[in-house]
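Please read these numbers as outputs of a predicted model, since none were measured by experiment. Values below: all heavy atoms of this structure, side chains included; hydrogens, waters and symmetry mates excluded. Within every chain, numbering begins at 1; the chains are lettered A, B, ... in the order of the sequence lines, protein sequences first and strands thereafter.
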Amino acid sequence: MTPSELSDAVVHALRALVERGAVELTGDLPASVVVERPRNSSHGDYATNVALQLGKRSNLKPPALAAALAEELAGVAGIASVDVAGPGFLNITFDAGAQGGLAGTIVAAGPAYGRNETLAGRRVNVEFISANPTGPLHLGHTRWAAVGDALSRVMEAAGAEVTREFYVNDRGNQMDKFGASVEAAAQGRPVPEDGYHGDYIADLARQVVANRPDILELPEGERLVAFREEAYQLQLTEQQQHLETFRTRFDVWFSERGLYDDGKVEHGLKVLQEKGHLFESEGALWMRTTDFGDDKDRVLRRGNGELTYFASDTAYYVDKRERGFDTCIYLLGADHHGYVGRLRSMAACAGDDPDQTLEVLIGQMVKILRGGEEVRLSKRAGTLVTLEELVDLIGVDALRYTLARYPTDSPLTLDVEQITRASNDNPVFYVQYAHARLASILRNAGDLGIAASTDGFDPSLLAHPREGELLRALAELPRVVAASAQLREPHRVARYLEETAGTFHRFYDACRVLPQGDEEATDLHRARLVLVDATRVVFANGLGLLGVDAPERM
RNA sequence: GCCCCCGUAGCUCAGCUGGAUAGAGCGACGGACUUCUAAUCCGUUGGUCGCAGGUUCGAGUCCUGCCGGGGGCGCCA
């Protein structure tokens with residue numbers, strides 16, 4: 001019996017009581033009932049507070065309602081006992097072995113286990129990183145790469161249709177400054193004070209000149225543009241390569257310039273115009289975002305005729321909606337939180353309900369410690385530690401996992417020594433090790449000629465307490481995926497895997513899986529092997545949701 | 001001044017969208033390898049959940065106010 005089956009059984013029991021007139025309820029029956037794993041094992045395998053929740057709507061007080069439900073549930077196959085405790089909790093204990101069938105179900109489902117339909121039919125755009133193509137990706141971008149990609153995977157697993165999108169800020173005067181910086185470096189002149197610094201500028205200059213030996217001969221105006229464009233392509237390509245190395249792939253690289261070239265900015269403004277939220281004042285074009293709670297109105301076109309960054313963002317949003325996305329998720333750094341209010345107001349000006357169509361996740365700062373001291377500077381970038389350096393220092397798996405295991409709204413500190421250490425205090429190794437151990441058992445079973453076959457295995461043999469704990473842990477994966485997706489909190493997957501790794505290791509400690517010495521393989525061995533295979537599937541799928549390898553050996 | 005985030009064990013942090021006696025890892029101390037990976041497991045130690053009110057059967061979780069830390073508030077991008 002799984003949690004959802006148990007939930008159904010509770011609803012069924014409730015319905016029976018109501019139909020029989022034993023219980024009166026105002027309002028409808030709940031569609032589902034929350035069953036949770038109690039912290040304290042003396043509270044049974046599962047507990048539900050349904051009687052407390054329905055107390056106000058029922059003619060019975062919670063303890064009496066709970067007692068009636070307990071009696072009704074006691075006859076359900078697989079349930080050993082139901083106790084009423086405290087103010088009206090139902091503590092449910094399964095028959096030993098009644099959960100074993102789940103192991104076979106998981107093995108049969110394989111990579112599909114954990115997937116669900118919670119977000120089925122939702123078209124979601126997840127935009128993250130969206131860096132300027134004027135330099136290497138750094139620490140903050142790296143957090144978004146790990147979290148954005150994991151979030152996308154989790155939402156896909158929950159049934160959503162997800163597009164991962166990177167908005168390339170390739171327009172505006174920072175691009176000109178970038179081009180001028182590279183050009184200056186190529187000419188052997190110092191980079192302008194307000195330009196881009198760092199060794200990478202000189203590297204780019206060398207590459208640009210190598211690719212286009214004639215470039216220095218061009219007249220100044222053309223030369224600056226040529227440097228800007230060449231360096232832009234090189235830098236963008238480098239970002240793409242580094243993200244590829246980091247296993248973060250985007251479906252769409254969306255150029256800000258493209259918005260202009262394709263007339264999407266004018267189109268976006270037209271849409272807003274029709275909605276009646278634009279006005280002109282002091283020679284500028286404004287959006288009246290204060291209509292929807294922003295603290296001030298925002299300029300779209302300046303007095304000098306130039307369109308603002310906000311105009312691009314507006315057009316971009318309109319374009320996303322016209323491409324059919326129900327939900328547009330933005331992952332932004334804490335330094336951009338001031339932007340949230342105007343984004344939401346803008347969506348409202350475009351005729352949407354921002355609560356439905358636009359979500360912003362704000363990520364707090366990341367610090368990195370090495371040898372007990374904060375690492376800030378990157379030689380190459382001139383400013384912050386880069387993605388490339390982090391991958392070299394920490395490795396893709398440990399880096400992705402560590403960045404994804406914290407809620408985004410808490411600041412986090414990466415301790416290089418800790419997360420590269422192969423020991424118990426390093427969660428990524430702890431979890432990967434569990435998978436490697438499982439794979440090892442399955443390998444050994446193969447050598448012994450014992451197959452983890454799901455047909456004909458006897459689930460009721462999995463009656464050891466540690467087996468029950470492990471099965472209940474495995475049963476959680478679909479709920480964890482659903483909650484992570486709905487709450488946009490992929491870190492829950494990591495925390496779940498850590499907890500489940502502990503549960504597995506305790507099972508391993510107590511339950512011998514394979515025959516020893518000359519022992520013949522028994523049905524218990526075979527049943528445990530199915531459980532091991534199921535556990536391996538859970539780790540493989542869970543790590544997959546985080547984009548972290550599930551190693552066969554360590 | 002206004003807005004956002006954070007405050008939980010000595011340290012780093014969880015806390016399942018309001019549940020029962022608040023958890024994990026590290027640290028410290030003590031145990032477990034002739035057997036499937038000891039990168040593991042078991043035990044002990046450790047808390048006025050920043051403070052004060054409120055909501056209710058029940059609050060670390062929700063509301064209000066305060067204290068402390070971080071960040072943000074351009075016709076910049």
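Scanning atom types as modelled, one donor and one acceptor separated by under 3.5 angstrom connect the side chain of A:Asn91 and the base of B:rA20. For A:Asp335 and B:rG71, a side-chain-to-base donor-acceptor distance below 3.5 Å is absent, hydrogens and geometry of angles not being considered. Between the base of B:rC3 and the side chain of A:His337 there is a donor-acceptor pair shorter than 3.5 Å.
Each of B:rA39, B:rG19, B:rA77 was ranked by its minimum atom distance to the side chain of A:Pro87; first place goes to B:rG19. Listed nucleotides B:rC75, B:rA20, B:rA77 differ in distance to A:Trp286; the shortest reach to its side chain belongs to B:rC75.
Comparing the same atom, P, in B:rC5 and in B:rG15 gives a spacing of 16 Å after rounding to whole Å. The separation of B:rU21 from B:rG31, taken at their P atoms, amounts to 35 Å, rounded to a whole angstrom. Taking the P atoms as reference points, B:rU37 lies 39 Å from B:rA20, given to the whole Å. The gap from the C1' atom of B:rG25 to that of B:rG46 amounts to 14 Å, rounded to the nearest Å.
Judged by ring centres under 5.5 Å apart and planes tilted less than 30 degrees, A:Phe89 stacks against the six-membered base ring of B:rA20. With centroids closer than 5.5 Å and planes inclined by less than 30 degrees as the test, A:His43 and the base of B:rA20 pass as a stacked pair.
Residue contacts shown for A:Ala434 are absent, as no nucleic acid heavy atom lies under 4.0 Å away. The residue A:Tyr496 sits apart from the nucleic acid: no heavy atom pair falls under 4.0 Å. Nucleic acid contact class of A:His336 (heavy atoms, under 4.0 Å, all strands): base. At a threshold of 4.0 angstrom between heavy atoms, the contacts of A:Ala334 are confined to the sugar-phosphate backbone, with no base atom among them. If you check every strand for non-hydrogen atoms under 4.0 Å, A:Arg301 touches nothing. Looking at heavy-atom distances under 4.0 Å, A:Arg495 makes contact with sugar-phosphate atoms alone, never a base. Backbone-only engagement by A:Tyr430 is indicated by non-hydrogen atom pairs under 4.0 Å involving sugar-phosphate atoms exclusively. In this structure, A:Gly86 reaches neither bases nor backbone, as no heavy-atom distance under 4.0 Å exists between it and the strands shown. Within 4.0 Å (heavy atoms only), A:Lys296 reaches sugar-phosphate atoms of the nucleic acid but no base atom. If you check every strand for non-hydrogen atoms under 4.0 Å, A:Asp409 touches sugar and phosphate atoms only. When heavy atoms are screened at a 4.0 angstrom cut-off, A:Glu552 is found touching base atoms of the nucleic acid. Contact annotation for A:Ala47: base contact, defined as any heavy-atom pair under 4.0 Å involving a base atom. No contact: A:Gln432 has no heavy atom under 4.0 Å from any strand.
For B:rC33, the glycosidic angle deviates from 0 by 90° or less, giving a syn base.
Minimum heavy-atom separation, A:Ala510 to A:His464: CB-CE1, 4.0 Å. Among all heavy-atom pairs drawn from A:Cys511 and A:Arg466, the shortest one is SG-CB, 4.4 Å. Taking every heavy atom of both residues into account, A:Asn116 and A:Ala482 meet most closely at ND2-N, 3.8 Å.
Residues passing the salt bridge (charged side-chain N to carboxylate O under 4.0 Å, His left out) test with A:Arg115, sequence neighbours excluded: none. Scanning for ring pair (Phe, Tyr, Trp, His ring centres under 6.0 Å) contacts around A:Tyr430 gives A:His505, with sequence neighbours left out.
When the P atom of B:rC2 is taken as reference, atom CZ of A:Arg342 falls 19 Å away, rounded to whole Å.
No hydrogens or angles considered: nothing links the side chains of A:Gln174 and A:Thr134 as a donor-acceptor pair under 3.5 Å. Between the side chains of A:Tyr316 and A:Glu165, a donor-acceptor pair is found at a separation under 3.5 Å.
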Using atom types as modelled, flag every donor-acceptor pair under 3.5 Å from a side chain in residues 330-344 of chain A to any protein atom, sequence neighbours excluded.
| unit_1 | atom_1 | unit_2 | atom_2 | d |
| --- | --- | --- | --- | --- |
| A:Tyr339 | OH | A:Asp313 | OD2 | 3.1 |
| A:Arg344 | NH2 | A:Asp355 | OD1 | 2.7 |

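The stretch residues 476-489 of chain A participates, sequence neighbours left out, in these salt bridge (charged side-chain N to carboxylate O under 4.0 Å, His left out) pairs: A:Arg37-A:Glu476, A:Glu359-A:Arg488, A:Glu476-A:Arg479, A:Glu489-A:Arg492.
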Pull out every protein N or O sitting under 3.5 Å from an N or O of nucleotides 26-33 of chain B, one pair per line with the distance.
| unit_1 | atom_1 | unit_2 | atom_2 | d |
| --- | --- | --- | --- | --- |
| B:rC26 | OP1 | A:Asn424 | ND2 | 3.1 |

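In RNA chain B, consecutive stretches of 3 or more Watson-Crick or G-U wobble pairs with both distances under 3.5 Å are given as paired ranges: B:1-7 with B:67-73, B:10-13 with B:23-26, B:27-32 with B:40-45, B:50-54 with B:62-66.
Under the side chain to side chain contact (heavy atoms under 4.5 Å, CB included) test applied with A:Asn444, the options A:Leu529, A:Val513, A:Leu514 reduce to a single match, A:Leu514.
Comment: A:Arg506 does not engage A:Asp509 in a salt bridge, judged by the lack of any side-chain N to carboxylate O separation of less than 4.0 angstrom.
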